[in-house]
2 protein chains.
Amino acid sequence: MARTPTTHDPFNAVAEPKRRQLIQALGSKELPVNEIVALLGWNQPTVSKHLKVLKQVGLVGERRVGRQRLYRVNAERLKPIFDWVTPFERYWTERFERLDEVLEQMKKKGATT
Amino acid sequence: MARTPTTHDPFNAVAEPKRRQLIQALGSKELPVNEIVALLGWNQPTVSKHLKVLKQVGLVGERRVGRQRLYRVNAERLKPIFDWVTPFERYWTERFERLDEVLEQMKKKGATT
DNA sequence: TTGACATATTCCGATATGGGAATATAATAC
DNA sequence: GTATTATATTCCCATATCGGAATATGTCAA
């Protein structure tokens with residue numbers, strides 16, 4: 001067996017740095033390939049190919065208008081990644097402060113020291 | 001050029017489903033290869049190989065104790081993924097409710113209608 | 001039609017992957 | 001030293017990948 005295909009799921013699609021850039025560049029805007037090319041400075045086939053992968057995984061949507069194809073991010077498809085990684089947030093965030101908060105609350109309630 | 005190597009960054013390392021399972025299985029525990037094998041039901045070389053990749057990217061740490069090697073997750077290395085994906089949360093979460101909250105607040109302040 | 005513009009596809013090659021099977025290394029016990 | 005346990009490494013192979021260059025498709029305009 002080989003590596004999991006890039007089109008298998010959002011995790012694999014987004015492993016490619018350029019594909020992440022692409023998604024970020026799009027943001028909430030809807031852009032024609034044209035402008036993406038200008039924006040990122042890659043050559044057109046490169047952009048089209050990456051868009052194809054992203055479309056196959058459902059990470060972007062496509063709308064045809066005249067000779068153009070307008071692409072937009074389909075953010076919901078990123079949720080699996082978010083959901084998988086979020087539980088680990090507590091290990092690097094100072095949101096251990098939540099614990100501190102609780103302790104602070106208890107102090108207040110207990111009033112005198 | 002070929003695909004970005006799995007050992008290049010957390011994104012690529014975690015693209016492999018088994019590697020995600022592995023990380024989840026470890027959680028905050030520290031386990032010897034032994035138990036990981038039992039826990040996941042894969043064969044030992046498979047586990048070792050995946051651990052190797054994860055270690056190279058810094059996603060797990062290793063501690064030697066006797067003949068065993070205890071592995072633990074290095075959660076901070078997941079932060080880049082979290083940071084990249086988090087900005088998109090607003091597109092699928094009902095935390096648009098934040099907006100609603102604000103509007104609600106304004107209503108209250110403005111009192112009458 | 002012909003041409004120009006917008007985008008997609010094909011062909012190529014170098015490269016790494018992940019699994020299985022077998023084997024190597026390391027550490028402890030006897 | 002020898003056996004045993006714990007883990008890592010090597011070899012092999014089918015399979016995708018990404019980029020570049022060239023080319024194909026599609027749509028509008030004159």
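Remember, predicted model here, so these are calculated numbers, not experimental data. Just the heavy atoms: all of them, side chains too, but no hydrogens, waters or symmetry mates, feed the values below. Each chain gets a letter, A, B and so on, in the order its sequence line appears, and its residues count up from 1.
- The side chain of B/Arg69 lies closest to D/dA8 when the candidates are D/dG19, D/dA8, C/dA8.
- Taken from OG1 in B/Thr46 to CD1 in B/Ile36, the straight-line distance is 12.5 Å, to the nearest 0.5 Å.
- Checked against D/dT7, C/dA8, C/dT9, the side chain of A/Lys52 finds its nearest nucleotide in C/dT9.
- When distances are taken from the side chain of B/Arg67 to each of C/dA27, C/dT17, C/dT7, the shortest belongs to C/dA27.
- Side-chain proximity of B/Thr46 to C/dG20, D/dG19, C/dT7: nearest is C/dG20.
- Closest to the side chain of A/Asn34, out of D/dA8, C/dA14, C/dT7, is C/dT7.
- One atom, CG of B/Leu40, and another, P of D/dT7, lie 14 Å apart when rounded to the nearest Å.
- Residue B/Asn43 places no side-chain N or O under 4.0 Å from the OP1 or OP2 atom of C/dG19.
- Each of A/Thr4 and A/Glu62 was assigned the nucleotide of DNA chain C with the nearest heavy atom; the assignment lying further toward the 5' end belongs to A/Glu62.
- With distances taken from any side-chain atom of A/Glu16 to the nucleotides D/dG19, D/dC28, C/dA27, the minimum falls on D/dG19.
- Distance B/Glu35 CD to D/dA6 P: 11 Å, rounded to the nearest Å.
- At a threshold of 4.0 angstrom between heavy atoms, the contacts of A/Pro45 include nucleobase atoms, whether or not backbone atoms are also involved.
- The pair A/Arg63-A/Glu30 meets the salt-bridge criterion, since a charged nitrogen lies less than 4.0 angstrom from a carboxylate oxygen.
- Nucleic acid contact for A/Arg64: none, since no nucleic acid atom lies under 4.0 Å from a heavy atom of the residue.
- Between the P atom of C/dG18 and the CG atom of B/Leu54 lies a distance of 10 Å, rounded to the nearest Å.
- Ring to ring, B/Phe88 and B/Trp84 are close: their centroids are under 6.0 angstrom apart.
- At distances below 3.5 Å, not a single donor-acceptor pair connects side-chain atoms of B/Arg69 with backbone N or O atoms of B/Glu62.
- Residue B/Thr7 is the one, among B/Thr7 and B/Lys49, whose nearest nucleotide of DNA chain C lies closer to the 5' end (criterion: closest heavy atom).
- C/dA22 atom P lies 14 Å from atom CD of B/Gln44, rounded to whole Å.
- Here B/Arg77 does not pair with B/Asp9 in a salt bridge; the nearest charged N to carboxylate O distance is not below 4.0 Å.
- B/Tyr71 and B/Val37 end up in the same hydrophobic cluster when Ile, Leu, Val, Met, Phe, Trp and Tyr side chains are linked at under 4.5 Å.
- Phosphate proximity of C/dA8 to A/Tyr71: present, with a side-chain N or O under 4.0 Å from OP1 or OP2.
- Computed from coordinates, the A/Met1 CE to D/dT17 P distance equals 14 Å when rounded to whole Å.
- Distance from the side chain of A/Ser48 is smallest for C/dA8 among the nucleotides C/dA8, D/dT7, D/dG19.
- Ranked by how close their nearest DNA chain D nucleotide is to the 5' end, B/Arg3 and B/Leu51 are led by B/Leu51.
- A/Lys18 has its NZ atom 16 Å from the P atom of D/dT17, to the nearest Å.
- Between D/dG19 and A/His50, a contact under 4.0 Å exists linking OP1 or OP2 to a side-chain N or O.
- Nearest-nucleotide positions on DNA chain D for A/Gly66 and A/Asn12 put A/Asn12 closer to the 5' end.
- Separating the CD atom of A/Gln68 from the P atom of D/dC28 is a distance of 10 Å, rounded to the nearest angstrom.
- Rounded to an integer number of Å, the gap from CZ of B/Arg63 to C1' of C/dA27 is 16 Å.
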